[in-house]
Amino acid sequence: MVNLWLVRHAQPLVTPGTCYGRLDVPAEPDATRVAATALADALPAGLRTISSPLQRCTQLAEALCQLRPPAMFDTDTRLAEMDFGAWEGQPWDQISPAALDTWTRNFAHHAPGGGETVSIFMSRVAAALDAVRSGKQDTLWITHAGVMRAVTVLQTLGKATPLRSDQWPREALPFGGWQQWALDPSA
């Protein structure tokens with residue numbers, strides 16, 4: 001088995017209730033330091049570290065690397081949050097109910113705000129997950145709630161299942177929180 005740790009970035013500096021998938025907002029510096037310290041104490045040594053390229057994640061990767069080896073990390077665009085197109089930076093409560101309903105009815109294949117479909121998002125996360133499996137090295141991803149939810153779906157439902165909105169995990173780990181998955185390299 002190959003172990004994958006998924007870590008959610010620290011609290012972003014964005015107004016609560018804002019849609020900020022691919023929007024590149026920074027994380028709160030003190031929260032980033034607290035999360036990095038907790039991770040440095042909790043995670044095993046020698047993990048390959050890969051971060052989303054969005055700054056709220058690279059800030060945490062940099063802070064963690066200052067506290068423990070390895071003192072370097074890679075970035076992977078496949079670990080970026082979903083792209084919500086024109087919805088990015090908008091308050092969720094100002095996005096029309098009709099637009100949200102259109103997305104919910106065709107959850108896997110509608111591009112919310114003209115951004116990225118859940119199907120495309122899931123495909124890129126699945127490709128990154130397959131790379132970890134085939135690399136056979138325990139790995140740490142510093143990423144986003146959406147990517148963590150996608151991994152949960154892929155690990156519990158598999159790739160072949162058509163995804164409906166009611167299958168998408170509602171709960172997200174807290175900022176700075178983490179989870180671990182044991183990946184079967186033969187899967």
Side-chain angles (χ1 to χ4, degrees), residues 4-29 31-32 35 50-61 75-132 141-179 181 187:
L4 173 65
W5 281 264
L6 297 122
V7 174
R8 188 176 183 196
H9 57 78
Q11 173 73 49
L13 292 170
V14 65
T15 303
T18 299
C19 175
Y20 65 95
R22 281 285 178 95
L23 192 63
D24 196 9
V25 296
E28 202 285 314
T32 298
I50 307 172
S51 175
S52 158
L54 299 178
Q55 65 180 316
R56 57 192 183 266
C57 293
T58 59
Q59 287 172 298
L60 181 53
T75 60
D76 187 335
T77 57
R78 297 174 298 186
L79 302 186
E81 186 60 278
M82 189 169 148
D83 183 352
F84 290 96
W87 293 3
E88 296 283 346
Q90 303 299 314
W92 279 105
D93 63 5
Q94 301 219 351
I95 298 168
S96 79
L100 290 168
D101 187 52
T102 298
W103 181 33
T104 301
R105 280 194 323 269
N106 191 8
F107 188 68
H109 302 290
H110 179 75
E116 181 177 34
T117 68
V118 171
S119 176
I120 291 170
F121 173 65
M122 293 289 292
S123 291
R124 70 174 162 85
V125 174
L129 197 56
D130 288 345
V132 172
W141 285 359
I142 299 177
T143 191
H144 310 271
V147 171
M148 296 171 89
R149 288 176 172 126
V151 169
T152 298
V153 169
L154 290 164
Q155 287 294 102
T156 58
L157 298 177
K159 294 180 200 176
T161 304
L163 188 64
R164 301 182 318 263
S165 64
D166 65 340
Q167 294 171 308
W168 192 251
R170 298 286 183 243
E171 297 299 315
L173 286 176
F175 296 111
W178 65 87
Q179 61 186 188
W181 289 97

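These numbers were taken from a predicted model, which means no experiment stands behind them. If you read the sequence from its start, that first residue is 1, and numbering goes on from there. Below, each value reflects all heavy atoms present in this structure, side chains not excepted, and no hydrogens, waters or symmetry copies.
For the atom pair CG (Leu79) and SG (Cys57), the distance works out to 8.5 Å, reported to the nearest 0.5 Å. For the atom pair Leu54 CG and His144 NE2, the distance stands at 4.0 Å (nearest 0.5 Å). Distance CG/Leu23 to CH2/Trp87: 15.0 Å, rounded to 0.5 Å. Atom CD of Gln179 sits about 5.0 Å away from atom CG of Leu6, to the nearest 0.5 Å. A distance of 9.5 Å separates CG in Leu129 from CE in Met122, rounded to the nearest 0.5 Å. Put simply, OG1 on Thr32 and CG on Leu13 are 8.0 Å apart, with the number rounded to the nearest 0.5 Å.
Annotation for Pro12 and Val25: closest pair CB-CG2, 3.8 Å, computed over non-hydrogen atoms. Here the closest non-hydrogen pair linking Glu81 and Phe121 is OE1-CZ, 3.8 Å. Taking both residues in full, the closest heavy atoms of Thr75 and Ile50 are given as C-CG2, 4.2 Å, listed atom of the first, atom of the second, then distance. Among all heavy-atom pairs drawn from Thr152 and Thr156, the shortest one is O-OG1, 2.7 Å. For the residue pair Met148 and Gly177, the shortest heavy atom distance occurs at CE-O, 4.2 Å.
Not a single donor-acceptor pair under 3.5 Å links the side chain of Gln90 to the backbone N or O of Cys19. With hydrogens and angles ignored, the 3.5 Å screen pairs no side-chain donor or acceptor of Arg56 with any backbone N or O of Gln11. One N or O on the side chain of Gln167 and one on the backbone of Arg164 form a donor-acceptor pair closer than 3.5 Å. No donor-acceptor distance shorter than 3.5 angstrom exists from the side chain of Gln59 to the backbone of Pro29, with no hydrogens or angles considered. Proximity of a side-chain donor or acceptor of Arg124 to a complementary backbone N or O of Ala80 within less than 3.5 Å is detected. Distance alone, capped at 3.5 Å, is enough to place a donor-acceptor pair between the Glu88 side chain and the Arg22 backbone.
Proximity of Trp141 to Val132: side-chain heavy atoms (C-beta onward) are separated by under 4.5 Å at one or more points. Residues Leu163 and Ser119 have side chains not in contact (no heavy-atom distance under 4.5 Å, counting atoms from C-beta outward). Here the side chains of His9 and Ser52 are not in contact, with every heavy-atom distance at 4.5 Å or above.
Judged by the 6.0 Å and 45° rule, Arg8 forms a cation-pi pair with Phe175.
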